[in-house]
Amino acid sequence: MFKGLAQKIKKISLIFILLFAFLFIFIRTPFLYASQDIPLINSIQSEIKSDEILIEYKDNTKKEEMFSIEQKHNTKLIDEIEKINVRRVKITGKSNVYEAIEKFKSNREVKNAEPVYLRHLEEVPNDSHFSAQWSLSKIQAPLGWDIEKGLSNNVTVAVIDTGIDLDHPDLVNKLWINSDEISNDGIDNDNNGFIDDYNGYNIASKNSDINDYLGHGTEVTGVIAADTNNQKGIAGLSWGAKIMMVKVASEDGLITNSDVVAAIIYAGDNGAKVINISLGGNYFSSIENEAIEYASNRGVTVVAAGGNDKSERLSYPASYDNVISVSATDENDELTYFSNFNKKIDVSAPGYNIFTTALNGSYSYVDGTSFAAPHTTGLASLILSQNPSLTPLEVEQKIEQSADDLGYPGRDDYFGYGRINVYRALGGNPAQPAQPSRDSFEDNDLFENAKTISIDSAVQPNIYPSGDKDWFKFHLGNPAKVSIKAIPPGPIDIVVSLYDSSGKLLMQEDPNHEGISETLIKNLAESGDYYILVNGFYGNASINNYSLSVSLSSFSPTDIIVPGVSIDSPLNNSYLSNYINFFINFINFINFKVTADNDVEKVVFYYSSDEGKTWKWFDEDKNGADGWTGHLYGWGMDGSYKIQALAYDFSQNVGRSTINVVIDDISPSKPTGLSALPVSKNQINVSWLAQAIVCCQEHLTIKFQLLL
């Protein structure tokens, strides 16, 4: 009997091993192709606290009920923001973040639950040195100071950041003082819930230590309100602004949106009229958005850095309503290479080579939208010093309506309503800065408006402003090898594309380097009109002219075999996700195959967003490979995308394959595990249930059941 039972157990164990192997392969196969030197891109796991969540309760929920609910779901209170009924809790049970969120959301007393998102300083390190404070002249601050220096009414500006160098000679006299609080007596004298918040408060550490150990907050503060006209250091935009420092960074630089929320509430409750937030992240938080509304409803103007992803990706809190989102410009009024550009950008301001205060009483040059935002914050404080009765909306309108329009007429995604102008915003009326004249080929921004270019004759157009596109066309009378060369105007990256008369893309060239000439060579076997598109990568622009020329050489179309290229995985119109099985991140894979007559030169991949923007994703020389497969690595951003693979041979024949996919990062449920329940002494019922995400809230369920 024992021998038979042992055989059954051995058999069951073998089956379990096989089943586990199947599920392991099903879930983990994508990892098998990942090279260790390729980073996981845009993982949400790196953007949240793995064991904490934010809970927002309904208005009438009692504290005892909150405690009972949190205890029931195996969580422990870390902190609370009473003004908006938000509590931050630590998960003490076995649930992961998303399971805990779902449990709380199912309770009728809970209004909302979400992860604790991490926020990052919007700064780009740089060691270049140019003329100190060029930005003040660019935005006409000296002229503006003739109208308002910020001394009519001392506006309190809250800086939500890493702290401040309390002993800096250019900042020591600019600190806000809470007159109802006695410094360092260990008592909450004004009964506002914060002990010793004499110059501000450290939200991250729950104490009054607002000293800056990282430098970022000190740098930001100098732009807004460094002591001006004191015969030393630099000039801040507002001579009279007082800085309320609300520290949200730990000493190692960790920042959470939970602390940002608490900081916004603190600033709104304690008299700030302007808030500067030079930090951000890529994930929307409804609780953070409510905090912005809370402050705005109390008459606080909020300004935030637009982000340094050099992409269209939205950054938060900059992209919430009731926030002035700021992109960064350079000395030439061009968008900086790092700045985000998107539909939420309201204005732009200098953010490149900005000379400002630094730790230990020093000064430094810094880059980033982190420093474009405080220029705008300084302007907002000047406006409110001039007219304290203005609402946040009226302050924003003054800033936008007085800005110098740098892009296409009106608002655009690069500069918003334009680069800020202090003099104009305060009532001065200087002439709009002269805009560089657009080249004589304009308007050729559209395919149907393409201008004719002669063979063997170079033209000298420019790409201006950001987002400008130049279309040209030429006529081919006989089969020929066409060489198209574009020489950029200095260190910008241009992209050259060739189309046929139907608008079909034949070839695109962009080695993805600034200042590098682009040469596109293509054998064209058919006569007719062909079109060339020249545009700037990531919206790059320059007032200087580039050179474009087309030349022809003889071509015998002996090889007209088009390489075969297919995208085998994922399937067309499929959904992709970044998360599966315990929320371990994996990379979205594109499996592709190319075949031709031993003549494949290279394969290039492009992906296009649902807003029509296109980027090169992958470019690899294959040097005559016959057939091969490979893998591309996912970008991890939500949205709809078109992925196009182009295979080139040495005769410049092009094969292409196109698919459409949707990326969605909503997480799946954790697998439920294994269970084995004896039914009788001779029979064991074994069941195994696992789930894996397919898309969005939908899950593919795998169930195994054995009766022995």
Side-chain angles (χ1 to χ4, degrees), residues 447 450 453 455-456 458-459 463 469-476 478-488 493-513 516-537 546-567 592 594-597 599-608 612-625 632 642-659:
F447 179 86
I453 180 174
I455 304 299
D456 296 325
V459 295
I463 305 173
K469 297 179 179 180
D470 288 346
W471 282 95
F472 296 92
K473 66 179 179 180
F474 64 92
H475 184 75
L476 188 67
N478 298 295
K481 177 181 287 187
V482 176
S483 177
I484 302 169
K485 186 172 185 178
I487 303 174
D493 185 10
I494 59 178
V495 182
V496 182
S497 307
L498 177 65
Y499 296 79
D500 66 16
S501 58
S502 69
K504 178 181 178 182
L505 177 65
L506 302 179
M507 192 174 183
Q508 187 175 69
E509 185 59 38
D510 175 31
N512 214 5
H513 297 294
I516 304 297
S517 297
E518 313 282 1
T519 301
L520 186 154
I521 300 175
K522 175 71 175 173
N523 290 332
L524 298 176
E526 297 181 7
S527 60
D529 289 333
Y530 290 88
Y531 291 75
I532 302 169
L533 171 63
V534 180
N535 64 293
F537 189 69
Y546 64 89
S547 173
L548 178 68
S549 60
V550 179
S551 59
L552 305 178
S553 58
S554 60
F555 159 58
S556 268
T558 54
D559 178 6
I560 58 173
I561 299 175
V562 174
V565 57
S566 64
I567 300 176
F592 56 89
V594 177
T595 57
D597 54 344
D599 194 27
V600 178
E601 180 182 11
K602 67 178 180 179
V603 172
V604 181
F605 274 75
Y606 296 94
Y607 71 94
S608 305
K613 298 293 183 179
T614 300
W615 298 272
K616 177 178 287 189
W617 191 6
F618 180 84
D619 186 344
E620 182 172 338
D621 293 333
K622 297 313 295 181
N623 297 322
L632 296 181
K642 179 174 71 174
I643 301 174
Q644 186 176 49
L646 287 81
Y648 297 86
D649 66 17
F650 288 96
S651 298
Q652 299 304 309
N653 298 305
V654 184
R656 56 177 45 79
S657 178
T658 302
I659 64 169

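Just so it is clear, the values below take in all heavy atoms, side chains as well, and ignore hydrogens, waters and symmetry mates. The shown structure was predicted, so the numbers you read here are calculated from the model rather than taken from an experiment.
Taking OH of Y499 as the start and CD1 of I532 as the end, the distance is 11.5 Å to the nearest 0.5 Å. Atom CG of D500 is separated from atom CG of L524 by 9.5 Å, given to the nearest 0.5 angstrom. Atom-to-atom distance recorded for I455:CD1 and I453:CD1 is 7.5 Å, nearest 0.5 angstrom. Distance CD1/I484 to CZ/F472: 11.5 Å, rounded to 0.5 Å. For the atom pair NZ (K469) and CZ (F447), the distance works out to 13.0 Å, reported to the nearest 0.5 Å. Between Y530 atom OH and L506 atom CG the span is 7.0 Å, to the nearest 0.5 Å.
Looking at D493 and E518, their side chains come closer than 4.5 Å, going by heavy atoms from C-beta outward. Using a 4.5 Å heavy-atom threshold, the side chains of V482 and V550 count as touching. The shortest distance between side-chain heavy atoms of L552 and L476 falls below 4.5 Å. Here the side chains of K522 and V654 are in contact, with some heavy-atom distance below 4.5 Å.
Across S517 and P488, no two heavy atoms sit closer than the pair CA-CD, 3.7 Å.
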Let me see the working for D529 and Y531 under side-chain contact (heavy atoms from CB on, under 4.5 Å), right down to the final yes or no. CA-CA 7 Å; D529 289 333; Y531 291 75; 4.2 Å; yes
Does the side-chain contact (heavy atoms from CB on, under 4.5 Å) test come out yes or no for K481 and I521, once each step is laid out? CA-CA 7 Å; K481 177 181 287 187; I521 300 175; 3.8 Å; yes
